[in-house]
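Have a look at the structure below before the remarks.
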Amino acid sequence: MGFSVDGTYYTHAMSALWPDGSKHQLYATPEQDNAVYHTKYTFTGWTWPGGPLIGNPVAVTASPAIKSYTAVFQVQYGLNVKFNPCTDCAGPGTVIANGFPLTSDQEIYVPANSSVTLQAYPNTGYVFVGWQSGVSQAVTGFQTVVNMTQPATVTAVFAPVQFVKLTTVPAGLSLLADRTQVPTPTTMEWGLNTVHTLGVVSPQVDTQNQYWVFSSWSDGGATTHAYTVPGYAGTTLTANFIPGVAVQMLTNPVGLNLTVDGRTNWPTYTFVWGPGETHTLAAPTTQTDNSGRIWQFANWSNGGAQSQSVTVPQSAVGVGMRVIANFTQVGHATVTSPMSGLTVTVNGNSCTLPCDIQQPIGTQLTISAPASLAAGPGSRQDLAGWSTGAGAGDLVVTLGADALTITPYYK
C-alpha cells in the first residue's frame, strides 16, 4: 500500500518534523493491486486521532497536538473461479457468483473475511460433478460457500452427459427415473458411468382408459433396478407392458375379509393383473362381521378350494374377472351365569359356563341347568327360570340370524 506526503511516495510508514502551522498535502492511490498475491487494496479515507479527514488529496496544518495521520485501505482477496478457459466459446455451464453469472474462468475480488456463494448450472450436454478447492468451503450439492480468509481458487467440475432415451411399449406410458415419475418418450441427460434407479408405474391407465401392467425391461433388469450409464451414444431403454385385467375379489355377504397373496389388509379387493399371472386366494373358515354375526366359508364361485391359486386367463382382457367367496351364517348362542363354575348340558353335552355355541341357523337347542344347587348349611339355590322368559326346567331355543345370550336364574 502506498501514499505520498508533499509529493514524495512511500510504501511504508514515514515520520517527519513539521514546523508548527506549516501546510502539508497527503494523498493515497485509490486502487492498488498486488497481482502476485491476488490482493487488492482500496483506499477508503484518511483519519487522524480526532476522526476522519475529508478529501484525497487533503491539506493538513501541522500542530504539536496532532501526532499522526493514517491512510485506511480495504483489503480484497481474489477468488479464481475455474471451469471454462475459453472466453469466446460455449462452455459446459454457468457459475453464479453472489448473483453474478460467469460463463468462463474469471477472478473476482471480494472483501477479506467475507463469503462468496457459488452455484453451478450445467449447459445442455453436460452434468455438474462437484466442486474442487483447497480452501474452507461449505458444499451443498450444486452450491458452495467460500470463506475468503485468503486468496483462493475454486473449480466447478462439469462432465459430458450420455443421452438416455426412455420409452414404453405401448408408447406414452409413465416411468420412474431416479424415483421421479416421468412421461415417455423422454431423454435423460446422465453422466457417463453414473448410476441411476429405473422403475415403473404398474398398473397404469392410458388415454383410452385401458389398463397396462409391467412385463419386462429391454435391458433385462428387475422391475426396479440400478442402471449404470454406458460410454457409448444412442442408448434407449424400453419398458414393456401387457394389457391389464381388472380382477374383483368379492364376498357374499359383502364386507367380509379375504387373504390375497398372503396379505389380509388390502384397502380394496380390486386388482389389476396381467394375463398369465398367478395369485393365491384364501378365505377364513369362520369370521365375525361388524354386527357380531358369525359367517362360515361355503365355497368359491369358481369352484376352487378354500385356499387356491388363480391364473388370469387371456380371455379376461377387456372384460375383467370376478371371483366370489360365499359364506353361510352360523347361529350363535352364549350361555352365561354370575355364578362361577356352573355347568349346563346342551343337547345332552356338558358345557361349563360361559358356554359358546355355534351351529347352523335353524338348529334346535335343548339346554338343561341343575334344578337345585347347594348354597351352604341349611340353604340351596333353586332354578327359577331363564333370561328368555321361560320358566324353570329345560329351555328349548332355535338358533336364528341374531345372536342369543341366555342366562339361567336361581333363587
Side-chain angles (χ1 to χ4, degrees), residues 163-190 196-227 234-283 289-290 299-305 307-327:
F163 294 98
V164 179
K165 186 176 182 180
L166 302 180
T167 64
T168 62
V169 175
L173 301 182
S174 297
L175 294 175
L176 297 176
D178 289 328
R179 298 178 176 82
T180 299
Q181 186 168 338
V182 296
T184 64
T186 188
T187 299
M188 312 303 296
E189 296 185 33
W190 288 338
H196 300 269
T197 300
L198 292 177
V200 298
V201 179
S202 182
Q204 59 181 294
V205 182
D206 65 14
T207 55
Q208 284 74 45
N209 291 320
Q210 168 67 50
Y211 285 108
W212 297 91
V213 294
F214 173 73
S215 174
S216 64
W217 280 101
S218 59
D219 67 345
T223 304
T224 299
H225 66 284
Y227 174 75
T235 301
T236 297
L237 290 173
T238 301
N240 300 298
F241 288 77
I242 58 177
V245 175
V247 180
Q248 280 187 313
M249 303 296 163
L250 302 177
T251 63
N252 177 29
V254 299
L256 299 182
N257 295 321
L258 297 173
T259 300
V260 180
D261 291 334
R263 176 179 165 185
T264 59
N265 60 339
W266 295 99
T268 175
Y269 291 112
T270 299
F271 306 89
V272 178
W273 293 336
E277 289 186 20
T278 299
H279 299 267
T280 59
L281 313 179
D289 66 16
N290 294 331
N299 56 64
W300 286 99
S301 60
N302 65 351
S307 178
Q308 61 176 305
S309 294
V310 174
T311 300
V312 181
Q314 185 67 40
S315 60
V317 175
V319 295
M321 176 179 171
R322 177 179 293 175
V323 183
I324 303 172
N326 297 301
F327 291 81

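In terms of the side-chain hydrogen bond (donor to acceptor under 3.5 Å, both in side chains) criterion, Ser309 has no residue partners (sequence neighbours excluded). Here Asn299 pairs with Asn326 under the side chain to side chain contact (heavy atoms under 4.5 Å, CB included) rule; sequence neighbours left out. Qualifying side chain to side chain contact (heavy atoms under 4.5 Å, CB included) partners for Ser218, counting only residues two or more places apart in sequence or in other chains: Leu237, Thr238. For Ser216, the side-chain hydrogen bond (donor to acceptor under 3.5 Å, both in side chains) criterion is met by Asn240, not counting sequence neighbours. Looking at residues two or more places apart in sequence or on another chain, you find a ring pair (Phe, Tyr, Trp, His ring centres under 6.0 Å) between Phe271 and Trp266, Trp273. Gln308 meets the side chain to side chain contact (heavy atoms under 4.5 Å, CB included) test with Leu281, Trp300, Asn302, Val310; sequence neighbours excluded. Annotation: side-chain hydrogen bond (donor to acceptor under 3.5 Å, both in side chains) contacts of Glu277 (sequence neighbours excluded): His279. With sequence neighbours excluded, the residues that form a side chain to side chain contact (heavy atoms under 4.5 Å, CB included) with Ile242 are Val213, Ser215, Pro275. The side-chain hydrogen bond (donor to acceptor under 3.5 Å, both in side chains) search around Thr180 returns none, not counting sequence neighbours.
Ring pair Phe214/Phe241 is perpendicular by interplanar angle, where above 60° counts as perpendicular and below 30° as parallel.
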Listed pairs under 3.5 Å, donor-acceptor, residues 314-324 side chains, sequence neighbours left out:
{"from": "Arg322", "atom 1": "NE", "to": "Gln248", "atom 2": "OE1", "distance (Å)": "3.0"}
{"from": "Arg322", "atom 1": "NH2", "to": "Gln248", "atom 2": "OE1", "distance (Å)": "2.9"}

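Annotation: the span from Leu250 atom CG to Leu256 atom CG amounts to 11.5 Å, rounded to 0.5 Å. Rounding to the nearest 0.5 Å places OG1 of Thr259 at 10.0 Å from CG of Asn265. Note that CG of Leu198 and OG1 of Thr224 are 9.0 Å apart. Values are rounded to the nearest 0.5 Å. Within the model, atoms CE of Met188 and NE2 of His196 stand 8.0 Å from one another, a figure rounded to the nearest 0.5 Å.
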### Message
Set out, in order, the CA-CA distance, both residues' side-chain angles and the distance that settles side chain to side chain contact (heavy atoms under 4.5 Å, CB included) for Trp190 and Tyr227, then state yes or no.
### Response
CA-CA 11 Å; Trp190 288 338; Tyr227 174 75; 4.1 Å; yes
- [ ] Could you please spell out the steps behind the side chain to side chain contact (heavy atoms under 4.5 Å, CB included) verdict for Thr187 and Val164?
- [x] CA-CA 5 Å; Thr187 299; Val164 179; over 6 Å; no
Go through the steps for Tyr269 and Val260 under the test side chain to side chain contact (heavy atoms under 4.5 Å, CB included), then give the verdict. CA-CA 8 Å; Tyr269 291 112; Val260 180; 4.1 Å; yes
Intermediate values then yes/no, side chain to side chain contact (heavy atoms under 4.5 Å, CB included), Val182 and Leu176: CA-CA 6 Å; Val182 296; Leu176 297 176; over 6 Å; no
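Without hydrogens or angle criteria, Thr184 side chain to Thr186 main chain gives no donor-acceptor distance under 3.5 Å.
In plain terms, the two heavy atoms of Ala239 and Leu175 that are nearest each other are CB-CD2, 3.5 Å. Closest approach of Leu166 and Ala177 over heavy atoms only: CD1-CB, 4.1 Å. In terms of heavy atoms, Ser174 sits closest to Pro183 at OG-CA, 4.4 Å.
By the 6.0 Å contact criterion, CZ on Arg179 is open, its count of non-hydrogen atoms from other residues, nucleotides or ligands being 12 or less. The 12-atom threshold is exceeded at CZ of Phe327, counting heavy atoms of other residues, nucleotides or ligands nearer than 6.0 Å.
Evaluation of the side-chain hydrogen bond (donor to acceptor under 3.5 Å, both in side chains) test over residues 201-210, restricted to residues two or more places apart or in two chains, returns Asp206-Trp212.
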